[in-house]
Structures are given as structure tokens and as C-alpha cells.
Amino acid sequence: DDGAGKSEPSLASSQSEGIRGRTGFRALLPPGLGQDVVYLKSELHYLRVETVKGSALVLYALRDAVAELGEGRGLQPHRSYWVSLDHVLDVRRTGKGWRLDVTGGTEIPVSRRRQAVVKAILSR
């Protein structure tokens, strides 16, 4: 990969070496992925970490990653997703539901029970 496009998704393990100063799920990311997280997605026991440079799949719990990121940096529009506020481009209705358009072109679903919270956070 010459860095011009997104890297292929990879399965990172806790055996990652040569990564200093990072802890938690960030320590499991491949070095070329960067730290600018767009969104996180829970996939069974794994966590899909999407950054502006690509994605990786790590063995990690979404709730633990969200706790590490801290409050105020993002929102959880659905039980399976966390999205960085810096990367939300638009909120739109699709039929009965809502979607968040984020950096990179991904559409993140907003559950019905979280619509009011999402609206309140994004209207600040």
C-alpha cells in the first residue's frame, strides 16, 4: 500500500509490537492506520475501528473503547456504533429511520430510541 488509498481491513492482535505510548484498543491498531477515529462498530466479540486511513478489526469491547475515548468526543447513535463528532457530516431521514453520513462515505444507522439524544447532541 502506497498510502494513497484506504488500507485493506486487517485483523490486529494483542501481540502488536513497536507501538509506544498507546493503550487500550489504540495499541492494537496497525501503525499505518493513524489515530483519527471516524467510527467504531461492534462485530460480535470484535471491534471494527475505522480511521481516515482505513480500518482494522481488533478483539475488543465497544463499551471499553467508548469509555477510553471519553465523553464529549462522540456519540453512540446505535448500540453497535460509536461515531466521532468531528466526522459527522450530515443527519438525514431515510423512510422511518435516520442515518448519519460520516467521513469516508459510510452511513451509520440511528436507532429510534436514540434519535432524541442524537438530535440534542448534534444541535449544540
Side-chain angles (χ1 to χ4, degrees):
D1 184 18
D2 62 2
K6 290 182 123 185
S7 64
E8 290 294 316
S10 65
L11 184 61
S13 73
S14 59
Q15 312 294 309
S16 298
E17 297 178 14
I19 302 172
R20 293 187 179 160
R22 291 193 228 166
T23 59
F25 79 93
R26 291 176 187 269
L28 303 176
L29 298 178
L33 207 54
Q35 296 292 302
D36 192 1
V37 176
V38 176
Y39 69 88
L40 305 173
K41 180 184 179 194
S42 177
E43 296 183 11
L44 295 175
H45 297 293
Y46 292 89
L47 181 66
R48 167 84 45 205
V49 181
E50 184 75 29
T51 72
V52 294
K53 294 183 178 181
S55 70
L57 195 60
V58 296
L59 183 57
Y60 216 77
L62 177 63
R63 73 177 176 279
D64 295 336
V66 169
E68 288 171 24
L69 290 166
E71 291 195 28
R73 295 199 52 216
L75 60 95
Q76 201 167 353
H78 186 279
R79 69 182 177 170
S80 298
Y81 288 90
W82 176 91
V83 179
S84 168
L85 291 175
D86 293 337
H87 292 286
V88 174
L89 304 176
D90 195 17
V91 181
R92 58 189 172 82
R93 296 191 104 161
T94 58
K96 295 180 185 176
W98 291 9
R99 297 266 182 209
L100 299 178
D101 292 330
V102 298
T103 302
T106 301
E107 296 178 350
I108 307 292
V110 178
S111 69
R112 277 188 283 220
R113 67 177 261 244
R114 297 183 191 213
Q115 286 177 356
V117 172
V118 168
K119 184 177 179 181
I121 290 171
L122 294 177
S123 64
R124 290 184 197 167

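These values consider heavy atoms only, across backbone and side chains, with no hydrogens, waters or symmetry-generated copies.
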Distance-only donor-acceptor hits, side chain of residues 117-124, under 3.5 Å, sequence neighbours excluded:
from: Ser123; atom 1: OG; to: Lys119; atom 2: O; distance (Å): 3.0
from: Ser123; atom 1: OG; to: Ala120; atom 2: O; distance (Å): 3.2

OG1 on Thr106 to CG on Leu89, rounded to 0.5 Å: 10.0 Å
Rounded distance (nearest 0.5 Å) linking atom CD of Glu68 with atom CZ of Arg63: 11.5 Å
Could you check whether any side-chain heavy atom of [X] comes within less than 4.5 Å of a side-chain heavy atom of [Y], counting everything from C-beta outward?
{"X": "Leu75", "Y": "Leu100", "result": "yes"}
{"X": "Leu62", "Y": "Gln76", "result": "yes"}
{"X": "Trp82", "Y": "Arg73", "result": "yes"}
{"X": "Leu69", "Y": "Arg26", "result": "yes"}
{"X": "Tyr81", "Y": "Arg114", "result": "no"}
{"X": "Asp101", "Y": "Glu107", "result": "yes"}
{"X": "Val49", "Y": "Leu29", "result": "yes"}

If you take all heavy atoms of [X] and [Y], which pair is closest and at what distance?
{"X": "Ala65", "Y": "Leu47", "value": "CB-CD2, 3.6 Å"}
{"X": "Lys53", "Y": "Gly32", "value": "CD-O, 3.4 Å"}
{"X": "Pro109", "Y": "Arg99", "value": "CB-NH1, 3.1 Å"}
{"X": "Ser55", "Y": "Arg48", "value": "OG-NH1, 3.5 Å"}
{"X": "Trp98", "Y": "Arg93", "value": "NE1-NE, 3.3 Å"}

Using the test salt bridge (charged side-chain N to carboxylate O under 4.0 Å, His left out), find all partners of Arg112 that sit at least two apart in sequence or belong to another chain. none
How about Arg92: does its CZ atom have over 12 heavy atoms from other parts shown lying under 6.0 Å from it? yes
Give a yes or no on whether Leu85 and Val83 share a hydrophobic cluster (residues Ile, Leu, Val, Met, Phe, Trp, Tyr; joining criterion: side-chain heavy atoms under 4.5 Å apart). yes
Starting from Leu57, can I reach Leu59 by hopping between I/L/V/M/F/W/Y residues whose side chains sit under 4.5 Å apart? yes
With sequence neighbours excluded, what pairs up with Asp36 under the side chain to side chain contact (heavy atoms under 4.5 Å, CB included) test? Val52, His87
